[in-house]
*Asks:* 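Below: one structure in structure tokens.
So that the names make sense, note that chain A is the first sequence line, chain B the second, and so on, each numbered from 1.
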Protein chains: 2
Amino acid sequence: MTDGHRSGCPINLSLEVFGDRWSLLILRDMIFGGRRHFRELLTGSLEGIASNILASRLKALVQLGMLTKQADPTHKQKVVYSLTEPAIELVPVMAALGDWGSRWLPVSDELSIRARVLADGGPQLWERFMAELREEQLGIPAGPPPGGMTVRERLQDAYAAVATRAG
Amino acid sequence: MTDGHRSGCPINLSLEVFGDRWSLLILRDMIFGGRRHFRELLTGSLEGIASNILASRLKALVQLGMLTKQADPTHKQKVVYSLTEPAIELVPVMAALGDWGSRWLPVSDELSIRARVLADGGPQLWERFMAELREEQLGIPAGPPPGGMTVRERLQDAYAAVATRAG
């Protein structure tokens with residue numbers, strides 16, 4: 001940690017950015033869940049995060065350049081968060097992590113189906129998903145989705161199909 | 001955290017396995033550095049890890065099924081650690097994380113060259129690397145390396161070339 005040379009390792013520096021699990025889970029919910037407001041993140045799928053922790057992690061993610069924060073006069077929550085380009089490019093990391101977790105850990109069927117769809121889709125699907133995130137969060141046009149469905153819709157559809165079966 | 005359903009998310013569960021950065025860095029040094037003994041890990045590239053922390057993390061990784069621990073009568077350090085199959089299958093996760101870090105974080109040239117070689121090699125190179133790790137750590141024959149060099153040798157060669165230039 002005090003060794004400047006060694007701390008230049010990309011894996012080590014990546015972990016410093018996601019110094020705690022909450023940061024990566026916030027990014028997960030923004031990427032896959034499309035959540036952009038404080039209350040959506042607080043009451044959404046984040047596993048029991050406390051309000052003060054969420055506030056401090058969002059602040060840290062803005063400082064790290066992973067999120068930007070803007071006024072949102074169109075929403076009852078007055079602040080909207082957007083993913084930056086480096087945050088959007090975490091899609092392949094999330095895909096690799098989700099794929100590994102769904103193969104080796106006691107995940108639930110409902111929650112691992114999206115990881116499997118993403119892994120099966122490979123780099124081509126991740127690129128398309130990132131293009132759609134750039135459109136949604138950064139305003140960069142992605143063009144119409146192939147087959148008429150966005151990647152997030154395809155992931156949600158796969159989830160809904162499994163959840164219905166399980167229910 | 002107390003929500004059993006939600007904690008079945010593969011990304012969340014993955015983070016529980018690497019609950020702290022040390023665990024993933026230990027696995028990094030075993031995978032890329034071939035370190036398998038306590039003292040090699042302590043005095044190697046781990047960024048200033050304390051001896052008691054290393055001991056507790058190794059114990060946790062064994063309990064999680066990521067490492068096994070055997071007697072090693074051939075080495076002055078009497079205990080050797082081996083990566084398990086799930087730990088070996090972290091190669092694509094490490095590749096994605098290293099690739100992302102080397103693009104977006106202030107990494108050093110020497111330390112990011114391996115991440116770039118790994119990213120450029122893609123799934124085919126990762127598969128070969130995993131086969132070689134299975135041979136080294138689990139005794140499962142991998143066959144001779146294509147071109148006569150193992151993946152770890154190729155990564156080390158790329159590193160040495162950049163380090164020489166930098167020096």
*Asks:* Just how far is it from atom OG of A/Ser102 to atom CG of B/Leu13, taken to the nearest 0.5 Å?
*Replies:*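 CG of B/Leu13 is found 10.5 Å from OG of A/Ser102.
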
*Asks:* Which bit of B/Arg103 is near chain A, if near means a heavy-atom gap under 4.5 Å: side chain, backbone, both or neither?
*Replies:*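 Side chain only.
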
*Asks:* Non-hydrogen contacts under 4.5 angstrom with chain B: give the residues of residues 82-95 of chain A involved, or none if there are none.
*Replies:*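 Only A/Glu85, A/Pro86, A/Glu89, A/Leu90, A/Pro92, A/Val93, A/Met94 of residues 82-95 of chain A have a heavy atom under 4.5 Å from chain B.
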
*Asks:* Mark yes when over 12 heavy atoms from residues, nucleotides or ligands other than B/Lys78 sit less than 6.0 Å from its NZ; otherwise mark no.
*Replies:*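 Yes.
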
*Asks:* Looking at side-chain heavy atoms only, is the closest gap between B/Phe32 and A/Ile11 below 4.5 Å?
*Replies:*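 B/Phe32 vs A/Ile11: side chains touch.
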
*Asks:* What residues of residues 140-151 of chain B sit under 4.5 Å from chain A when only non-hydrogen atoms are counted?
*Replies:*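 The stretch does not come within 4.5 Å of chain A.
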
*Asks:* Would one find more than 12 heavy atoms of other residues, nucleotides or ligands at under 6.0 Å from atom NZ of B/Lys69?
*Replies:*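 Not buried by this count: 12 neighbours or fewer within 6.0 Å.
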
*Asks:* Spell out the residues in residues 117-135 of chain A that have some non-hydrogen atom less than 4.5 Å away from a non-hydrogen atom of chain B, in order of number; otherwise answer 'none'.
*Replies:*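 Within residues 117-135 of chain A, no residue comes under 4.5 Å of chain B, counting heavy atoms only.
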
*Asks:* Flag the pair B/Arg28 / A/Cys9 as yes when at least one side-chain heavy-atom distance between them is below 4.5 Å, and no otherwise.
*Replies:*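 Answer yes - side chains close enough.
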
*Asks:* Listed by chain and number, what are the side-chain hydrogen bond (donor to acceptor under 3.5 Å, both in side chains) partners of B/Thr74, not counting sequence neighbours?
*Replies:*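 If we apply the side-chain hydrogen bond (donor to acceptor under 3.5 Å, both in side chains) test to B/Thr74, skipping adjacent residues, the hits are B/Asp72.
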
*Asks:* In the single-linkage hydrophobic clustering (I, L, V, M, F, W, Y; side-chain heavy atoms under 4.5 Å), do B/Leu64 and B/Ile26 co-cluster?
*Replies:*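 Yes; B/Ile26 is reachable from B/Leu64 via cluster members.
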
*Asks:* If Ile, Leu, Val, Met, Phe, Trp and Tyr residues are connected whenever their side-chain heavy atoms lie under 4.5 Å apart, and connections chain through other members, are A/Met30 and A/Val80 in the same group?
*Replies:*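 A/Met30 does not cluster with A/Val80.
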
*Asks:* Can you check whether B/Leu97's main-chain N or O pairs, donor with acceptor, with A/Ser14's side chain at less than 3.5 Å?
*Replies:*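 Such a contact is found between A/Ser14 side chain and B/Leu97 backbone.
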
